[in-house]
Each structure stands twice: as structure tokens, then as C-alpha cells.
Amino acid sequence: MGDAGTDTLVASATSPAHIPDTAYVVIGQGRIGTSGWLTSLAAGDSVQVTLYTQDPNQNTRGVLAATTFTLTPNANIEFRSGGAVITQVVVPAGANSVSFYVKALATGTGTVAITNANYQTYNNSVSVP
């Protein structure tokens, strides 16, 4: 995905019936989609969540190169993979998703932010009763 902004394309034809014209292409940040989030999760329990890479219109799209996302939870939940706490996940080149676990730790509201410079920040929360 390129940098967000507006690019200008100028097209011209050699035919006298056509005149040059200008078009603008707006490039926006990608979006992060997820599946598997629960609204409530008991302390000690975990749930598998899948992160999807999406275009600005929320269509799931593969990534050209391996793309790393930073996972930032608060003290009520944590991210896990392979039995270990993680702070990042990578969507492999050519893929459009990666799965990991969210584990509830303490009573309250678990809030998260998932970030990457080329994607809109994803925020979500889960109640831990």
C-alpha cells in the first residue's frame, strides 16, 4: 500500500477527437478488520481472533510484503500465540489475515489498539466480569 494522499494522472491521446484530461486518484489508509471478538470474556479465558487486511472500502485484500501490526492491550487482557505473550503479529506476503488469541486477565474492561503506519488504528474492547 502506498502513502496516503492524492496522486494526479494526466492522460492524452494523439487523436484530434480527444483532448488531454486530468484525473485524481485518492490513496487512503488501509483498514483492519477482525473476527472472533467477544463482548464479554471471563478472567482466565481466551478467544481466537483473526485480523484481516482491508482496503479503504473494507474489502479484504492480500498484502504485497509481510506486514507487521503492533498489538497494544491494557492491563485487563493480553495477546497470545503459541502459549506466549505477544506484542506484534505479521500478515505474511500474499496473505490477508493472521490469527492469535486474546486472553482475559483481570476484571474490568480490556481495551486494545492494533496499529500499522499504513492502516487506520483499530480499537476494540471486551468486558471481563
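At least one donor-acceptor pair closer than 3.5 Å links the side chain of D55 to the backbone N or O of N57. For the pair N76 (side chain) and A106 (backbone), a donor-acceptor distance under 3.5 Å is present. A donor-acceptor pair under 3.5 Å links the side-chain atoms of N116 to the main chain of T68, judged by distance alone.
One hydrophobic cluster holds both I114 and V47 under the rule that ILVMFWY side chains link at heavy-atom gaps under 4.5 Å. Cluster annotation: V98 is connected to V102 through the hydrophobic network of ILVMFWY side chains, with a link wherever side-chain heavy atoms come within less than 4.5 Å. Following chains of ILVMFWY side-chain contacts shorter than 4.5 Å, one cannot reach V90 starting from F69, and the two form parts of different hydrophobic clusters. Hydrophobic clustering (ILVMFWY, side-chain heavy atoms < 4.5 Å, transitive): V49 and Y101 are in distinct clusters. Residue I32 is grouped with residue W37 when hydrophobic side chains (ILVMFWY) are merged at heavy-atom distances under 4.5 angstrom, including chains of intermediate members.
The two residues P129 and S127 make their nearest non-hydrogen contact at CD-O, 3.4 Å. S81 and I86 make their closest contact through CB-CD1, 3.8 Å (heavy atoms, listed as atom of the first residue, atom of the second, distance). The shortest heavy-atom contact between A104 and L41 is CB-O, 3.6 Å. Between Q29 and A117, the closest heavy-atom pair is NE2-O, 3.1 Å.
The CG atom of N124 sits 10.0 Å away from atom CG of L38, with the distance rounded to the nearest 0.5 Å. Rounded to the nearest 0.5 angstrom, N74 CG and L105 CG are separated by 9.0 Å. Rounding to the nearest 0.5 Å places CG of L51 at 8.5 Å from OH of Y122. In this structure, the separation between OG1 on T60 and CZ on R31 is 11.5 Å, given to the nearest 0.5 Å. Atom OG1 of T53 and atom OH of Y119 lie 4.5 Å apart (nearest 0.5 Å). Atom-to-atom distance recorded for Q88:CD and T72:OG1 is 9.5 Å, nearest 0.5 angstrom.
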side-chain hydrogen bond (donor to acceptor under 3.5 Å, both in side chains) between T115 and T121, intermediate numbers included: CA-CA 5 Å; T115 58; T121 297; 5.7 Å; no
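Listed by first then second residue, pairs satisfying salt bridge (Lys or Arg N to Asp or Glu O under 4.0 Å) with a partner in residues 77-94 read E78-R80, not counting sequence neighbours.
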